[in-house]
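Beneath this line is the structure, given in structure tokens, with notes to follow.
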Amino acid sequence: MVEPLPPRLEEIEIPHHFHPSSFTALERCALSVLGERAARRPRDLLVLHPTAYLGLVLHHVRAEVSAGRWGAARSAEEAADSVMQSSLRRMEEDLAATGITDALVPLRAAVGRQEWKRRTRTLRNWAAGFQGEGSGGSPRLFSLHPETGAEPADVDTLGDTGVEQTVVVDELRLSGRPDLSYETDQTLEIVEYKSGKLFDSDGVLLEAHRVQVQLYALMLEAVSAPGKALRLYVEQVKRHRVPWSEIHRLALLDRLALVNDALPPGEVRDAATLANPGTHCRNCRLRPVCGKYLDTVPQWWRGGEAHTRPLPLDVWGELAQLTEEKDRHTLRLLDPVGRRVRVDQVSRRHGTGDLRPGQSVWLFNLEASEDLRRHGEQRHPRNFHEYSPGPRWQTARGLRLFGSPPSPAANATIPTRGAGQ
């Protein structure tokens, strides 16, 4: 049976504290951060990208090895391999337990061979150069849902399952903790682990990583190291220094003040006033319940100089025709801006067999069946798929499909000549 589109988010209560890991996302679109806890059910949210789930596992492995919880392992490399195996097994058990994320198992296949090799090789290289020692303690079990039963909004953190305890600084309205912090005689060092992309095309550390660690610096200055020199790092295979000076401190305090003034604690806001659709929507799990996204983005599908690109690979509209081949369907839609759209190789497990022409259908996290650039310009595709039609294309493992109740004219067939062409 096809799931109905979940209700749109309406009101959001502003929390008293924000997390450093999501601060730049909060500045860009407050709803993308604050809306996840307001969603009525975890099922209303889109699944994370497969590399995000792998990132959660890799982050947990680094945290356990860094804390010396090696169990019977005799080296950091052996410990990393052991924790990786047990954590991946636990992750895949959790993913397979629901009908929403079961297509991500095995995770190695969902991530893709090249990306899997790159990220796991990075972990092995890090472990080979690790300088610490095991304490004999057993690694803690990996948990995809450490606190609330909902998947974490930030793919680089695991609730409170890391090395350090949560730090709360009320005057800054910040709550969180770095992966690792320790004092020497002269300095306090702060380290944040990262498994994904670190630098932009110009070799500059990504702003989200830099700001996260600098916010931790503000927090620890306030609660544990007033007046002490700080050294900040992000760590992948090796440590990369994050700049920190009085200029950085003042600039960050100004940004923090702007956010805190714009989002007073405890105030209830209309969700639409917090939403700011754009290219960043590609990574947002709230798209099915974000009214501003649903209303605004179709106008950008047509293309043109003023239209944002790239957009999430989503499409919706009125079902014109449904054809079946074995256990999969091809859907032809008329989208809200009049484009004829084709979606191939959609599994019956989404309930497509119950769809009828005239119904509204929403599909999120598809893959494109055509090149997204033509004559040097990016465009939003009109041909999509779930299962890959050939070696050139990826399978859409995170596809979510929703449908409206059938219309009275459910048996009518809308002509679709030229759809998707």
Side-chain angles (χ1 to χ4, degrees), residues 3-49 52-53 55-56 98 100-101 144-159 173-176 208 211-212 215 255-256 258-300 308 310-316 362-365 398-402:
E3 290 187 76
L5 188 70
R8 298 183 177 198
L9 291 175
E10 295 179 356
E11 293 184 336
I12 306 294
E13 182 176 349
I14 308 301
H16 286 262
H17 299 98
F18 304 124
H19 197 287
S21 63
S22 56
F23 183 77
T24 56
L26 189 71
E27 291 180 302
R28 189 170 53 237
C29 175
L31 186 65
S32 69
V33 176
L34 306 182
E36 290 209 12
R37 293 188 181 277
R40 299 183 183 182
R41 305 175 304 166
R43 288 184 62 87
D44 294 343
L45 303 177
L46 300 178
V47 301
L48 295 169
H49 191 275
Y53 289 104
L56 289 169
T98 73
I100 298 174
T101 56
L144 181 58
H145 315 298
E147 293 178 340
T148 64
E151 293 164 1
D154 176 63
V155 301
D156 275 324
T157 61
L158 284 171
R173 290 182 63 197
L174 292 173
S175 173
V211 169
Q212 179 184 358
L215 285 171
R255 290 174 67 173
L256 192 60
L258 287 173
V259 169
N260 288 338
D261 289 344
L263 300 171
E267 186 170 301
V268 176
R269 292 282 184 84
D270 180 73
T273 66
L274 299 174
N276 179 36
T279 59
H280 46 270
C281 293
R282 290 176 296 165
N283 300 317
C284 183
R285 305 172 64 207
L286 292 171
R287 302 195 305 269
V289 294
C290 177
K292 199 164 186 179
Y293 172 79
L294 297 172
D295 293 339
T296 301
V297 168
Q299 303 304 317
W300 297 342
T308 300
L311 295 169
L313 293 177
D314 305 335
V315 73
W316 52 87
W362 294 263
L363 300 104
F364 299 89
N365 283 341
L399 174 63
R400 296 296 308 278
L401 185 150
F402 303 98

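Throughout, residue positions are numbered sequentially from 1 according to the sequence presented.
Considering CG of Leu9 and CG of Leu274, their distance stands at 10.0 Å, rounded to 0.5 Å. Rounding to the nearest 0.5 Å gives a distance of 11.5 Å between CG of Leu399 and CG of Leu313. In this structure, the separation between CG on Asn365 and CG on Asp314 is 6.0 Å, given to the nearest 0.5 Å. Summarising the geometry, atom OG belonging to Ser175 is positioned 6.5 Å from atom NE2 belonging to His19; distances are rounded to the nearest 0.5 Å. Taken to the nearest 0.5 Å, the CG atom of Asn283 stands 9.5 Å off from the CG atom of Leu48. In this structure, the separation between CG on Leu26 and CG on Asn260 is 9.0 Å, given to the nearest 0.5 Å.
The shortest heavy-atom contact between Leu263 and Ala30 is CD1-CB, 4.3 Å. For the pair His16 and Pro265, the tightest heavy-atom approach, listed with the atom from each and the gap, is ND1-CB, 3.5 Å. When all heavy atoms are compared, the tightest approach of Ile12 to Ala38 is CD1-CB, 3.4 Å. The shortest non-hydrogen separation linking Ser32 to Glu36 is O-CG, 4.1 Å. Contact detail for Lys292 and Ala272: the closest heavy-atom pair is CD-O, 3.5 Å. Counting all heavy atoms, side chain and backbone alike, Arg282 lies closest to Leu311 at CG-C, 3.7 Å.
Under the 3.5 Å distance criterion, the side-chain polar atoms of Ser22 are left unmatched by any main-chain donor or acceptor of Ala25. Listed for the Arg173 side chain is no donor-acceptor partner under 3.5 Å among the backbone atoms of Leu256. Side chain of Asp270 to backbone of Glu11: no donor-acceptor contact under 3.5 angstrom is found. For Arg400 (side chain) and Val47 (main-chain N/O), no donor-acceptor pair under 3.5 Å exists by modelled atom type. Judged purely by atom type and a 3.5 angstrom limit, Arg287 uses its side chain to pair as donor or acceptor with the backbone of Cys281.
The shortest distance between side-chain heavy atoms of Arg43 and Pro288 does not fall below 4.5 Å. Side-chain contact check for Arg255 versus Val211: some heavy-atom pair is nearer than 4.5 Å. Between Thr101 and Tyr53 the shortest side-chain heavy-atom distance falls below 4.5 Å. In this structure the side chain of Val33 never reaches within 4.5 angstrom of the side chain of Phe18, judged on heavy atoms.
The aromatic rings of Phe364 and Tyr293 sit tilted, their planes meeting at an angle between 30° and 60°.
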